[in-house]
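It should be emphasised that the depicted structure is a prediction, and the values quoted were computed from it without experimental measurement.
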Amino acid sequence: MLLLTFSTIATNAEEMYRNYPSVFQAWNGIENRSTGDELHRLAQHDLAFAHPYAMLRISWNISEKHPYAGLATGLNPNQLHIARERKQELLSLNSHLQLLVEIRYRDAKYLSRENETHVENWWDVGFYPPDSPYWLRDKNGEPVIGWGEDTNADGKIDENDTILHFLIDFTNPEVQELIVNKTFALKASGLFDGIMLDWWNEGNATSPIGVNDWSATILTPETELEARLSILQKIRAQVGDDFLILVNANTRQIPKSASYVNGIFMECYKSEYGKGYSLDQILQMEETLLWAEQHLREPRINCLEGWRVVTDYMGDLKTRVRERNSAENLQWMRMITTLSLTHSDGYVLFGDDNAIPVPDHLHNWYDFWNADLGQPIQETAAQYQGVVGLFAREFEKGWAVYNRSGSKQTITFNDSTMGVNGGNRQFHHEIPDFDGEILLK
């Protein structure tokens, strides 16, 4: 048994900083709460990133004459009033909420000239004009599919599926200038706290010759890395030190980008949607999260997202909500949440596996996340009494305990604590393997 005693450290940090657990939203939101509007659901998170319209009802400044969002370097001035009111309402609901805008640089919506003539609304055109030099093209001069959803569930993405995005040539200096100007416009608006850049990789190229064919890439890893670092350097030179940059590096470390970046979006990929994570994958999460907490620039905003186990691949809304609340997924949610709490001062999310053919990152809100631990008063990754894989970190109002030791563990306190999951106030708490618990003083 592990005997843990309460710290007598007192702090007023709760008045200045967000409390824990601290949950973030990646593009898409909560599906299991019927009460409250979309604004209230967004405000339950402490950080969110998406298109600016999704958060604040403000779009890039496009028009019927200039409809391409990729070319726009300012926000719609006619929507500023609405956006400011919405931002104030969000902050009144959650004063710690930080809003980041995804800047598309690797891929975006593409429509051929023929398809453009059939769009119902002028704003439904592609990100750039179809003949723009900003699209990355294959050896035949054709734009290359960069992302899609397997809507017919045949295990691959092709013309029978929903093709979402085509590749952008982000090595093009003019594309980089557009990215920098967009970022500066977001900062100048005063509406947003930073940006998010997807598909961030320092070791491999992300420009495959086909969406299902990664046997070769159009750009080399070296060329892509050089372009990514150039983008970061140019952004920092323009927006200064106090604008946040979050990049989606999955569970990879990014040492060359570290001095420019405030956080990693750890979108923790797994190859089989019907299974959970292996121990090796969990150890990789820990290692990268600890590295990011130590090496990225402050203020740090590392975001850890775990994916749920999927049983019904084509499940509807009710099925998705129910599956997220299965005993298996609740255990994974607790483990991912307490891993984040014990190994970082960052944010956490537990959502859908990206494989399923619905918008990615939809999630339930869990009662477990309503616990109030206050601020951490102990260093991260505290392992007790030589039990490898068992971590307990003290907060002002309780403990986060995370167990991947290989067996069930019992923790004992001098005073009784309330288990948020177990629901009992007692001196002894059993934590199953690959699970976690929040214990309140």
Side-chain angles (χ1 to χ4, degrees), residues 24 26-27 47-53 55-56 58-61 68-75 98-108 127-128 134 136 146 165 167-203 205-207 219 221-250 252-267 292 295-303 346-347:
F24 74 100
W27 290 287
L47 182 146
F49 55 84
H51 185 279
Y53 191 85
M55 296 181 289
L56 295 185
I58 188 168
S59 61
W60 293 105
N61 190 24
Y68 300 103
L71 302 178
T73 56
L75 296 169
Q98 299 195 86
L99 300 178
L100 280 62
V101 172
E102 182 198 6
I103 298 291
R104 303 220 67 88
Y105 79 98
R106 184 250 181 199
D107 55 72
F127 196 63
Y128 298 126
Y134 301 157
L136 191 63
H165 293 139
L167 294 177
I168 296 170
D169 182 8
F170 59 90
T171 68
N172 188 320
E174 293 182 6
V175 170
Q176 295 182 12
E177 183 179 2
L178 285 168
I179 292 169
V180 172
N181 290 340
K182 283 177 174 289
T183 303
F184 183 76
L186 293 171
K187 180 183 179 181
S189 74
L191 294 169
F192 299 99
D193 302 286
I195 61 168
M196 195 285 292
L197 299 169
D198 205 0
W199 289 85
W200 206 260
N201 195 316
E202 290 190 355
T206 63
S207 52
L219 302 173
E222 295 77 15
T223 300
E224 286 201 15
L225 177 57
E226 182 181 358
R228 284 189 171 90
L229 295 179
S230 175
I231 289 169
L232 287 180
Q233 292 162 359
K234 291 175 180 178
I235 289 174
R236 276 288 169 222
Q238 186 71 281
V239 302
D241 296 332
D242 59 349
F243 204 59
L244 301 173
I245 299 177
L246 179 73
V247 299
N248 183 4
N250 302 103
R252 297 180 295 269
Q253 297 178 20
I254 49 167
K256 294 180 175 64
S257 306
S259 62
Y260 306 102
V261 167
N262 299 93
I264 294 177
F265 168 35
M266 291 180 59
E267 185 183 22
H295 292 91
L296 300 186
R297 69 183 294 131
E298 295 180 340
R300 297 188 180 110
I301 52 168
N302 293 306
C303 296
Y347 305 80

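- The backbone N or O of Ala48 sits nowhere less than 3.5 Å from a side-chain atom of Gln98 that would complete a donor-acceptor pair.
- By the 30° and 60° cut-offs, the orientation of the rings of Phe49 relative to Phe24 is parallel.
- Annotation: side chain of Ile235 is in contact with side chain of Ile245 (closest heavy-atom distance under 4.5 Å).
- Each of Thr206, Ile264, Leu232 was evaluated against Trp200; a single residue qualifies, Leu232, per the side chain to side chain contact (heavy atoms under 4.5 Å, CB included) test.
- A donor-acceptor pair under 3.5 Å is absent between the side-chain atoms of Lys187 and the main chain of Gly194, judged by distance alone.
- By the 4.0 Å N-to-carboxylate-O rule, Arg104 lies too far from Asp198 to be salt-bridged with it.
- The closest donor-acceptor contact from the side chain of Tyr105 to the backbone of Trp199 lies under 3.5 Å.
- Contact of the Phe170 side chain with the Gln176 side chain is not registered, since no non-hydrogen atoms from C-beta on lie closer than 4.5 Å.
- You'll find the side chain of Phe192 stays beyond 4.5 Å of the side chain of Leu244, heavy atoms only.
- Salt-bridge check for Arg236 with Asp241: failed, with every basic side-chain N at 4.0 Å or more from each acidic carboxylate O.
- Within the 3.5 Å criterion, the main-chain N or O of Ile179 finds a donor-acceptor partner in the side chain of Thr183.
- Outside the 6.0 Å centre-distance limit, the rings of Trp60 and Tyr68 are not counted as a close aromatic pair.
- Counting heavy atoms from C-beta on, the side chains of Ile195 and Leu246 never come closer than 4.5 Å.
- With a 4.5 Å cut-off on side-chain heavy atoms, Lys256 and Leu229 count as touching.
- Between Glu226 and Arg228 there is no salt bridge, since no side-chain nitrogen of the basic residue lies less than 4.0 Å from a carboxylate oxygen of the acidic one.
- With a 4.5 Å cut-off on side-chain heavy atoms, Leu75 and Asn61 do not count as touching.
- Between the side chain of Asn262 and the backbone N or O of Pro299, at least one donor-acceptor pair lies under 3.5 Å.
- Side chain of Asn250 to main chain of Arg252: no donor-acceptor pair is present (N/O by atom type, distance under 3.5 Å, no hydrogens or angles).
- Between Val247 and Ile254, some side-chain heavy-atom pair lies under the 4.5 Å cut-off.
- Between the side chains of Asn302 and Arg300, not a single donor N or O lies within less than 3.5 Å of an accepting N or O.
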